[in-house]
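Written below as structure tokens is the structure these notes are about.
Every heavy atom of this structure was used, including side-chain atoms; hydrogens, water molecules and symmetry mates were not. Every chain is numbered from 1, with letters handed out A, B, ... down the list of sequences.
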2 protein chains.
Amino acid sequence: MPKLQKLKQQRPKQLKPKREKSEIRKDELIEATLECIACEGLQGATVRKVAEYAGVTNGLIRFHFGSKDEMIQVAYQRLLEGIFQSSLTAVADDKSPPRQRLRQFLKANLSPPIVTAKTVVLWANFLPLTYKDKQMAFIRRAANAKTTALFEDLIEAALSSERKIRSDKGFSEQEYRHLAVKLNSLIDGLWLEGSMAENSSYKKELVEIGLDAASDLMAMNLRE
Amino acid sequence: MPKLQKLKQQRPKQLKPKREKSEIRKDELIEATLECIACEGLQGATVRKVAEYAGVTNGLIRFHFGSKDEMIQVAYQRLLEGIFQSSLTAVADDKSPPRQRLRQFLKANLSPPIVTAKTVVLWANFLPLTYKDKQMAFIRRAANAKTTALFEDLIEAALSSERKIRSDKGFSEQEYRHLAVKLNSLIDGLWLEGSMAENSSYKKELVEIGLDAASDLMAMNLRE
DNA sequence: AATTTTATTATGCAGTTGCATAAATTTATG
DNA sequence: CATAAATTTATGCAACTGCATAATAAAATT
């Protein structure tokens, strides 16, 4: 290949970076960060690599974010927010009975897009940071609290709804909390374990097993 | 403090590295690796830092291990082995009834030394590597398979023991497997969530909640 | 159209990283 | 005790890292 051709090229330099509005570019960088971490791992997600994924040069990151650490933080928030939104849309239908809403919530947390290689890999890559960095710990805690609160509400609604029907004995506040912890742990554990199995047959089983276990814990049929 | 003293010191150079037998030194390096990762995170666990933790110079790592990656692998194996041993000693007593053995196993997996800040932090730091590195993935899978097998055995023994007493209906192979998945996920989830809470009151609750949930899942009293 | 503001690149630097290599030191062996 | 083998240090290097800084280019404003 003749080297002369290189001279003839009239600099297609900025194929993408045509100067986006700040917020849009920032968004692209956040997505590029997540994509990069998912593919290369956190160690591989250097400032230059992320910039490459976004199709820009590394200096731009410093312009839109104060530092790499800050960008990582924002990306982590984005990830957790996305997960939360996924389970939130699953229970968007307020008209359906409480038991069904809880069931949908559980199901969503055991299916794509939450149970996805990419999501789990990202989650795993960020996790260690929450043990070293206080701000990252805070982000995790905050997201967790939001999920837990939603979980407790769904559980309480489902239980009191069923109680009316079956005239069961009531539950204390602590029992609601414990129940939320149990279900939450179960979901997290299944999610984590399920991500390791490569065979897709496991994925349908995952929902089945999860709903089955949840039914036992809640003493309530959540299978259908 | 006078600087002269420095000259008077007759080179205490190798306070520690007096030439240990190869296996012992290797062991020290593995422990240093784990300690270093626990304190500094995987990112902070550089060859030099690990050597510093072990009280030797960095070159020594290359001598005992082919590369840093190899050392990390061995350290991961050591971690998982330690966890497995902890839960294994909990069920060492073969004479106790199957239900008690299962209970002890669950309890061990929800108490120190398995539920410890250090253990969880280490586990979390290694986890991302299992998604990038095939060998690390294999190590994780192997350890997981071992734990699962033990879990299944304990469950099956407990169930068939109780079945004799209560003349329950039998269980299929798949039901054993599913039960093991459920309990395993529950334990993992509780362990992970419990590690985030800093208040120690949660730790006693953790065992209580875990045994409570396991009792529901197994339809068998494991609380005492 | 001129100029100011905003976004982007280009370049480089100081610190770190894993690792190679040679020298030094300690232990084992004859 | 001499020599060889095993262990440990010392030194350095090439690649990489995050970030600063100045130069460009594009858009907005006037």
*Base, sugar-phosphate, or nothing for T46(B), non-hydrogen atoms under 4.0 angstrom?*
sugar-phosphate
*Where the side chain of N58(B) is concerned, which of dT8(C), dC19(C), dA6(D) is the nearest nucleotide?*
dC19(C)
Tell me: [atom1] of [X] to [atom2] of [N], nearest whole Å?
X: K68(B); N: dT16(C); atom1: NZ; atom2: P; value: 15 Å
X: E52(B); N: dT8(D); atom1: CD; atom2: P; value: 18 Å
X: L42(A); N: dC16(D); atom1: CG; atom2: C1'; value: 16 Å
X: K26(B); N: dT8(D); atom1: NZ; atom2: P; value: 12 Å
X: F65(A); N: dG18(D); atom1: CZ; atom2: C1'; value: 15 Å
X: K49(B); N: dC19(C); atom1: NZ; atom2: P; value: 18 Å
X: F63(B); N: dT8(D); atom1: CZ; atom2: P; value: 7 Å
X: L60(B); N: dA6(D); atom1: CG; atom2: P; value: 15 Å

OP1 or OP2 of [N] versus the side-chain N and O atoms of [X]: is any pair under 4.0 Å?
X: H64(A); N: dT8(C); answer: yes
X: R25(A); N: dT8(C); answer: yes
X: S22(A); N: dA7(C); answer: yes

*Considering all heavy atoms of both residues, which atom of A108(A) and which atom of A90(A) are nearest to each other, and what is their separation?*
CB-CB, 3.4 Å
*So, H178(B) and E208(A): side-chain donor and acceptor under 3.5 Å apart, yes or no?*
no
*Donor-acceptor contact below 3.5 Å, side chain N184(A) vs main chain A180(A)*: no
*Please answer whether the main-chain N or O of G66(A) pairs with a side-chain N or O of R62(A) as donor and acceptor at a distance below 3.5 Å.*
yes
*Where each residue is assigned the nucleotide of DNA chain C containing its nearest heavy atom, which of I61(A) and R48(A) is assigned the position nearer the 5′ end?*
I61(A)
*Hey, which sits more toward the 5' end of DNA chain D by its nearest nucleotide, G66(A) or Q43(A)?*
Q43(A)
*Applying the side chain to side chain donor-acceptor pair (under 3.5 Å) test to Y53(B), which of E28(B), E40(B), E31(B) qualifies?*
E40(B)
*Would you state whether a donor and an acceptor, one from the side chain of R62(A) and one from the base of dG18(D), lie under 3.5 Å apart?*
no
